[in-house]
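Basis for what follows: all heavy atoms, side chains included, without hydrogens, waters or symmetry-related copies.
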Amino acid sequence: MQDYSIKKLISREEIDRRVKEVACEIDKDYIGLAPIIAVVLKGGFVFAADLVRNMKTPFTLDFIGASSYVGTESRGDIKMTKDLDTPLKGRHLILVEDIVDTGQTLKKLCRLLGQREPESIKIATLLLKDIERPFNLRVDYYCFEIPNKFVVGYGLDHNERHRGLPYIGYIEE
Ligand code: IMP
């Protein structure tokens with residue numbers, strides 16, 4: 001039994017509009033560069049699917065798995081659950097994430113992937129939590145800044161539930 005409710009925060013229409021705008025920004029910035037779009041699993045998969053379908057610039061798609069959360073709590077340590085298949089040397093990499101909270105997941109991934117000598121690494125995230133980030137992380141593209149609440153839907157989960165919701169909602173206990 002679910003002992004919480006989900007309140008709508010961002011509608012499907014607002015998401016569609018912003019994802020199109022961000023896809024357009026990426027198109028402008030990557031003309032002739034054929035970036036690698038690396039989807040950070042699992043939560044980034046819905047955003048990435050909509051993002052790439054709105055992009056016109058050619059790209060290589062890849063997936064990287066990282067996990068840090070159990071329930072609504074960050075464990076602090078990051079586990080890489082799947083590595084990229086594409087060699088990064090000399091390539092332009094865009095990491096596509098569902099949400100940047102503390103920023104530690106992406107900070108660690110950027111440090112690790114930077115050792116493979118990509119030409120550049122940028123970050124595109126659907127959501128950015130409005131908190132002071134202890135990790136100094138540059139976020140290049142984001143769709144929405146949101147209050148410090150635990151959100152689900154449009155790829156984001158709570159203990160693997162609610163990823164399929166078409167909108168973004170927050171959990172109210
Ligand atoms: P960070 O390392 O603290 O930035 O956390 C990033 C990761 O934690 C995201 O990729 C999500 O998997 C997960 N996460 C953080 N906040 C939320 C949330 O509000 N809902 C669902 N997952 C979250």
Side-chain angles (χ1 to χ4, degrees), residues 6-69 84 86 88 91-110 113-114 118-158 162-171:
I6 297 173
K7 305 269 187 237
K8 194 183 274 191
L9 186 64
I10 307 171
S11 70
R12 178 73 230 216
E13 291 73 27
E14 289 173 88
I15 297 170
D16 285 348
R17 187 181 51 77
R18 274 299 291 148
V19 171
K20 278 191 185 118
E21 288 172 358
V22 169
C24 233
E25 283 181 55
I26 293 176
D27 277 343
K28 276 196 212 119
D29 293 347
Y30 284 86
I31 294 167
L33 298 180
I36 298 170
I37 299 287
V39 185
V40 183
L41 297 171
K42 299 177 188 171
F45 82 109
V46 179
F47 171 43
D50 282 344
L51 186 71
V52 298
R53 282 181 294 174
N54 282 285
M55 280 169 48
K56 297 197 171 52
T57 198
F59 60 89
T60 303
L61 185 68
D62 207 338
F63 297 91
I64 186 162
S67 89
S68 68
Y69 269 67
L84 294 172
T86 317
L88 297 185
R91 298 287 306 269
H92 295 274
L93 177 67
I94 305 176
L95 288 167
V96 178
E97 176 65 297
D98 53 357
I99 185 164
V100 174
D101 185 3
T102 64
Q104 68 174 335
T105 307
L106 285 175
K107 190 81 195 171
K108 288 191 180 167
L109 283 182
C110 285
L113 299 173
E119 186 65 32
S120 68
I121 304 182
K122 282 194 181 180
I123 289 168
T125 184
L126 174 71
L127 305 173
L128 191 58
K129 271 195 192 169
D130 183 16
I131 58 163
E132 283 234 355
R133 259 171 278 289
F135 300 91
N136 173 25
L137 178 80
R138 201 189 70 228
V139 174
D140 303 281
Y141 309 99
Y142 68 92
C143 294
F144 303 97
E145 192 164 56
I146 60 161
N148 190 14
K149 293 180 181 294
F150 195 85
V151 288
V152 294
Y154 196 70
L156 291 110
D157 75 309
H158 175 247
H162 314 303
R163 289 193 197 277
L165 276 183
Y167 59 87
I168 294 161
Y170 66 90
I171 285 191

Nearest heavy-atom neighbours spanning Glu132 and Pro134: O-CD, 3.4 Å

Donor-acceptor under 3.5 Å (Asp62 side chain, Thr86 main chain): yes

Intermediate values then yes/no, side chain to side chain contact (heavy atoms under 4.5 Å, CB included), Tyr142 and Val100: CA-CA 9 Å; Tyr142 68 92; Val100 174; over 6 Å; no

Stepwise side chain to side chain contact (heavy atoms under 4.5 Å, CB included) check, Leu93 with Ser120: CA-CA 6 Å; Leu93 177 67; Ser120 68; over 6 Å; no

Between NE2 on residue His158 and OH on residue Tyr170, distance to nearest 0.5 Å: 15.5 Å

Sole residue of Val151, Leu156, Ile168, Leu127 in side-chain contact (heavy atoms from CB on, under 4.5 Å) with Asp98: Leu156

From Thr105, Val139, Ile64, Leu128, residue fulfilling side-chain contact (heavy atoms from CB on, under 4.5 Å) relative to Glu97: Thr105

Counterpart residues, ring pair (Phe, Tyr, Trp, His ring centres under 6.0 Å), relative to His162 (two or more places apart): Tyr4

Validation row: Leu113, Pro118 side chains within 4.5 angstrom (heavy atoms): no

Summary of salt bridge (Lys or Arg N to Asp or Glu O under 4.0 Å) pairs that have at least one residue in residues 140-151, sequence neighbours excluded: Arg138-Asp140

Minimum heavy-atom distance between Val22 and Cys143, given as atom pair plus value: CG2-SG, 3.8 Å

Check residues 26-33 and write down every donor-acceptor pair under 3.5 Å in which the side-chain atom is one partner and the other belongs to a residue at least two apart or another chain.
| unit_1 | atom_1 | unit_2 | atom_2 | d |
| --- | --- | --- | --- | --- |
| Asp27 | OD1 | Lys56 | N | 2.9 |
| Asp27 | OD1 | Thr57 | N | 2.9 |
| Asp27 | OD2 | Lys56 | N | 2.9 |
| Asp29 | OD2 | Tyr141 | OH | 2.6 |

Contacts of Lys20 that satisfy salt bridge (charged side-chain N to carboxylate O under 4.0 Å, His left out) - sequence neighbours left out: none

Under 3.5 Å, sequence neighbours excluded: what are the donor-acceptor pairs made by side chains of residues 35-51?
| unit_1 | atom_1 | unit_2 | atom_2 | d |
| --- | --- | --- | --- | --- |
| Lys42 | NZ | Glu160 | OE1 | 3.4 |
| Lys42 | NZ | Glu160 | OE2 | 3.0 |
| Asp50 | OD1 | Arg53 | NH2 | 2.6 |
| Asp50 | OD2 | Arg12 | NH2 | 3.0 |
| Asp50 | OD2 | Tyr154 | OH | 2.6 |

Side-chain touch Leu9/Ile146, heavy atoms, less than 4.5 angstrom: yes

Pair Thr60-Arg91, side chain to side chain donor-acceptor pair (under 3.5 Å): steps then yes or no: CA-CA 10 Å; Thr60 303; Arg91 298 287 306 269; 3.0 Å; yes

Check ion pair Glu14-Arg18 (N to O, under 4.0 angstrom): no

Gap between atom CD1 of Ile10 and atom CZ of Arg17 - 0.5 Å precision: 10.5 Å

Close side-chain approach of Cys110 and Ile123, heavy atoms under 4.5 Å: yes

For the student: nearest non-hydrogen atoms of Leu109 and Ala66, plus distance: CD1-CB, 4.2 Å

